[in-house]
Asks: 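Below are the structure tokens for one structure; questions will follow.
Because the structure is predicted, anything quoted here is derived from the model rather than measured. Residues take their numbers from the sequence shown, with the count starting at 1. Each ligand, and each atom within it, is numbered from 1 in the order the structure gives.
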Amino acid sequence: MVIPIQFPSEMRLSQGDEAPTILIIDSGVGGLSVYDEIAKLLPTARYLYVFDNAGFPYGTKEESFIIERVVQITQQMADRYPINLAVIACNTASTITLPRLRDTFSFPVIGVVPAIKPAAQLTRNGVVGLLATQGTIRREYTYELIKQFATDCQIEMLGASSLVELAERKLQRQDVSLNEVRAAVMDWLKLPKIPDTIILGCTHFPLLKEELQQVFPSETIFVDSGIAVARRAVFLLKDFTIPTLSQSSNVAFSTLEDEKSALLLPVLRQYRFEKLENLTNIERIA
Ligand code: DGL
């Protein structure tokens, strides 16, 4: 589900021949699952992907910490690039940062929040599982969504920070065993009625979908918000001429240069990010 966007009345996207520049932000590799869906619909846009590895993981951090970092990262990127759209590709950050970002920046900002509404419509046994970070399952925003869209079903919530780490490891091309994935969701596997529909309420989790599918019963439906975000991006950029060929290269940014970020280079290339740069100033608030 995508948080609806509000345009200030004086704001309009400008038309032009250049590919729109889309900024995508997450604490780590999770936002690549959202980028992947957007890039399927808008393959020739220019993408800037920031993974805030100095602030990672967001799921266990204070709200004020996350808000400050996301605003500072967006500011630094907006100072360097003509951003046409920002996507906060992180459920944990989206549930708290969007009002500040929309007040601060003139370009549209899309957030990602757990797909509670579609999941409530898809469940057959009446039990929906929300698999997210500890931060997301605590948020008022999440409770409001449940109250609005899922009063007819039982919602089980699980804060699974270890899955966030496993997704990072998987994209660093390190081994991730099914036993580790199983251990992260064991509380649900022991339930008398296991959720038959599971919301991947953290953008890291679609990266582990194959493993999750093997751990849960085969009829389990997994729902995430990636496609909805991508459709929203297309809508918001509809006044742009989208070129048939890519004109400029995509760039990924880390907020901390370390061994783990270097391990991501091959996978970033697979996602068509040719360069990995560093946003050094952000380190101050880590
Ligand atoms: N990928 C993020 C989310 O969607 C957060 C992961 C983390 O840093 O804890 O919630």
Asks: Need the ligand 1 atom indices (1-based, order shown) with element for anything under 4.0 Å from a heavy-atom of G59.
Replies: 7 (C), 8 (O), 9 (O)
Asks: Please examine the side chains of T104 and T74, heavy atoms only from C-beta on, and report whether any two atoms are closer than 4.5 Å.
Replies: no
Asks: Under a 4.5 Å cut-off applied to non-hydrogen side-chain atoms, are L41 and R231 in contact?
Replies: yes
Asks: Would you say the ring centroid of Y49 lies under 6.0 angstrom from that of Y35?
Replies: no
Asks: Using a strict cut-off of less than 4.0 Å between a Lys/Arg side-chain nitrogen and an Asp/Glu carboxylate oxygen, indicate whether E140 and K147 qualify as a salt bridge.
Replies: no
Asks: What is the minimum heavy-atom distance between T136 and P114, and which atoms define it?
Replies: CG2-CG, 3.8 Å
Asks: Does K238 make a cation-pi contact with F235, if we ask for NZ or CZ under 6.0 Å from the ring centre and within 45° of the axis?
Replies: yes
Asks: Considering only heavy atoms, does D26 approach ligand 1 within less than 4.0 Å through its side chain, its backbone, both, or neither?
Replies: side chain
Asks: For ligand 1, is any non-hydrogen atom under 4.0 Å from S27's backbone (N, CA, C, O), its side chain (CB onward), both, or neither?
Replies: side chain
Asks: Please report which non-hydrogen protein atom sits nearest to atom 10 (O) of ligand 1, along with the residue it belongs to and the distance in Å to one decimal place.
Replies: T92 OG1, 2.5 Å
Asks: Using a 4.0 Å cutoff against the non-hydrogen atoms of Y58, which atoms of ligand 1 qualify?
Replies: 7 (C), 8 (O), 9 (O)
Asks: What's the shortest distance from atom 2 (C) of ligand 1 to any protein heavy atom, and which residue and atom give it?
Replies: C90 SG, 3.2 Å
Asks: Report the part of V164 in contact with ligand 1, treating N, CA, C, O as backbone and CB onward as side chain, heavy atoms under 4.0 Å; options are side chain, backbone, both, neither.
Replies: side chain
Asks: Under a 4.0 Å N-O cut-off, is there an ion pair linking E219 with R124?
Replies: no
Asks: Check each heavy atom of N91 against ligand 1 and say whether those closer than 4.0 Å belong to the side chain, the backbone, both or neither.
Replies: both
Asks: If the cut-off is 4.0 Å to any non-hydrogen atom of T203, which atoms of ligand 1 fall inside it?
Replies: 1 (N), 2 (C), 3 (C), 4 (O)
